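Here the structure comes first, spelled out in structure tokens, and everything after it is commentary.
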Amino acid sequence: MSKEIEITLLPGGEKLTASSGASVSEILGKPAAGQSWVAAKLDGQLVDLSKKVEQDASLEAITKDSPEAIEILRHSAAHIMAQAVKSIFPEARVAIGPAIENGFYYDFDVERPFTQEDLEKIEERMREIVSRKLAFSRRDLPREEAMSVFSAMGEKYKVELLEQFSDPTVSIYQQGDFVDLCRGPHIPQTGLLRAFKLTSVAGAYWRGDEHNPMLQRIYGTAFFDVESLKKYLTFLEEAQKRDHRRLGKELDLFSFSDEIGAGMVIYHPKGAIIRHILENFEKREHLLRGYQLVIGPTLLKTDLWKRSGHFDHYRENMYFTEIDGQSYGVKPMNCLSHMLIYKSKMRSYRDLPLRYFELGTVHRHEKSGVLHGLLRVRQFTQDDAHILCTPDQLNDEIKSIIDFVSEVMSIFGFDFEIEISTRPENSIGSDEDWERATAALTRALEEKGFHYFVCEGEGAFYGPKIDIKLKDALDRRWQCATIQCDFTLPERFDLTYIGPDGGRHRPVMVHRVILGALERFLGVLIEHYAGAFPVWLAPVQAMIVTVTDSQLDFARAVCTELRGRGVRAEVDLRSEKLGYKIREAQKHKVPYMLVIGDKEVQGGAVAPRKRDGTQLDLMTSLQFADLVERECLESSKGRVGLNIV
RNA sequence: GCCGGCGUAGCUCAGUGGCAGAGCAGCUGAUUCGUAAUCAGCAGGUCGCGGGUUCAAAUCCCAUCGCCGGCUCCA
């Protein structure tokens, strides 16, 4: 006879009694109509519905609307996929298969890579497994026993995982004839997987290490209902439409050329004007904040890169050239000439902080497989600055950089995430310096009240850093702004200042960028606005379209007048119908179309149409220029009006 | 760099061993039209580049450059 236990049902707090050893689903009872239990939280731990409850506990049901539910479903979908793969390809060895942000994957070791046809077959087999409503059953067993189970099945990757576990007991899950090592929990039975799709297949190294064998990874996604799956697939299609590579072509912003080389951006006129606007905006924002503009060379002697540590730690990413028997490195970073400017004369504590700003073009030989449109290139220009300050000033400097970043990002309307990256393996400098620098960054973020994530071991080789990540159309995060503390370069270059005590002291150096690489920022910006730039950034602000050719002279005069006021205006000269020209301007996402027919010529006016279709009243071209100027100032939060270049 | 896919007109793509195609864009002509596509004609190609197999290669093979999806790495 079993004893009674007390269960506290969350979130309500309702108490009930059950007999010890009852399963979670027995305790929870039948769900309301149209709802079903997916799993549960027992004393805060996620468990299966079949979990036996032995003592007093709190219990919270996980339904498909719970935030944890989708992850459980996707993880179970990965198991079902592995079961399907094993039944079609019995020789396949399974590795790992977790849920990820928008779906799941599973890695397999197979003789030949999967094809698109294979994916269809696997999906078909998964549907069969789902329709059989197989139970997921859990078994706990000693680690050694699990090792012999998996080694008997020839699942060497599972055995390797088990070898590294420290727990004496592990759990395995079985549905049908498929057994997998897994912590769980899972959905109660395969029938809950109603909406899923296998999306792609790709190579992936075992345990993410490039020295390990390459496995075949199948990606998929899953939802509780078909509508959500459809919505997600539609989102992917929409995201493709705002892919900056596609819009870059459609809007004639930039291109790449295999004759020039991979990862080198060619800015077309419309892309170049956006970059000019960004650059001028940046120069002004930096001057306002006490930065000084500097310009350094692209080629620096290799000896200098040896002294800085770049040659030892960054050589494989650098381009080198030799002239007159002298070796030079193409700069991958802008800091060295900034340090030499600092060193060019004696500095007093009264001079500090010194903030050197450079729109610095750098080259980094990124591996060919990582290049990605504007988001990952080999030549790029950073809005780079190096701040040299006393250790006492460090905290204030970092805080004002954080303010700078958040003001600028709010102008563009970006949300961002903050990460702190700590000391990596391949690094220079003393433990003490690393600790001081890491503490300085952390303290500044905490004083500013920002939430942040910690990335252990992901700092630069010379110091820890704060990274700011913006999201692209596919919700992928891209690092743009970064703030890096550096105690080691001032040491290596023997930078000093004279303190109030008359003695020499070592300044601290902060490397930082706000937009990051202008190329990457432009890429993220294109996706962020889906190509419809706000007026202050739009390459063409007004497209003048005439009803017939007879208004062309007036249209040209309007265009000249607008350009005189600094408006970026163009005339569509083609003998096409008005509707056609409107459509063209609309496709190019021009913010304003100025319609000119006989009525406008007689009234000496233009009829503006916004790209959202809104029709404005007739106005003179000068009134229109004022309107554009107001809108520029409004959309740039007062930073940029007309006459920007 | 690694695994897989792909490269045909300015763009989007069809063509899988036997005459290189379509739509859009471009040009010319006609049309002069009021807010998302007027009509007709013309022109446009080293089928990424280089080798090879074959009577014959856009198509099959090798190599190379580039692109795409991932892995690893990073602004």
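Just so it is clear: chains get the letters A, B, ... in the order the sequence lines come, proteins before strands, and each one is counted from 1. Owing to the predicted nature of the structure, the values given are computational and were not obtained by experimental measurement.
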For a quick test of reading the model: is some side-chain N or O of [X] closer than 4.0 Å to OP1 or OP2 of [N]?
X: A:R574; N: B:G26; value: yes
X: A:K587; N: B:A25; value: no
X: A:R245; N: B:G69; value: yes
X: A:R609; N: B:A36; value: yes
X: A:Y219; N: B:G4; value: no
X: A:S575; N: B:U32; value: no

Counting heavy atoms from C-beta on, name the nucleotide in [options] closest to the side chain of [X].
X: A:Y580; options: B:C11, B:A25, B:U35; value: B:A25
X: A:R520; options: B:A75, B:C68, B:A36; value: B:A75
X: A:T548; options: B:C73, B:U32, B:A75; value: B:U32
X: A:R376; options: B:U35, B:U32, B:C74; value: B:C74

Could you tell me whether the side-chain ring of A:F380 sits stacked on the base of B:A75, using a centroid cut-off under 5.5 Å and a plane angle under 30°?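 Yes, aromatic ring over the base.
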Could you check whether atom NZ of A:K589 has more than 12 heavy atoms from other residues, nucleotides or ligands sitting under 6.0 Å from it?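 More than 12 heavy atoms, drawn from other residues, nucleotides or ligands, come within 6.0 Å of this atom.
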Nearest heavy atom decides the nucleotide; on that basis, is A:Q382 or A:H372 closer to the 5' end of RNA chain B? A:H372
Does some side-chain heavy atom of A:F416 sit less than 4.5 Å from a side-chain heavy atom of A:I468?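 Contact flag for A:I468/A:F416 side chains = yes.
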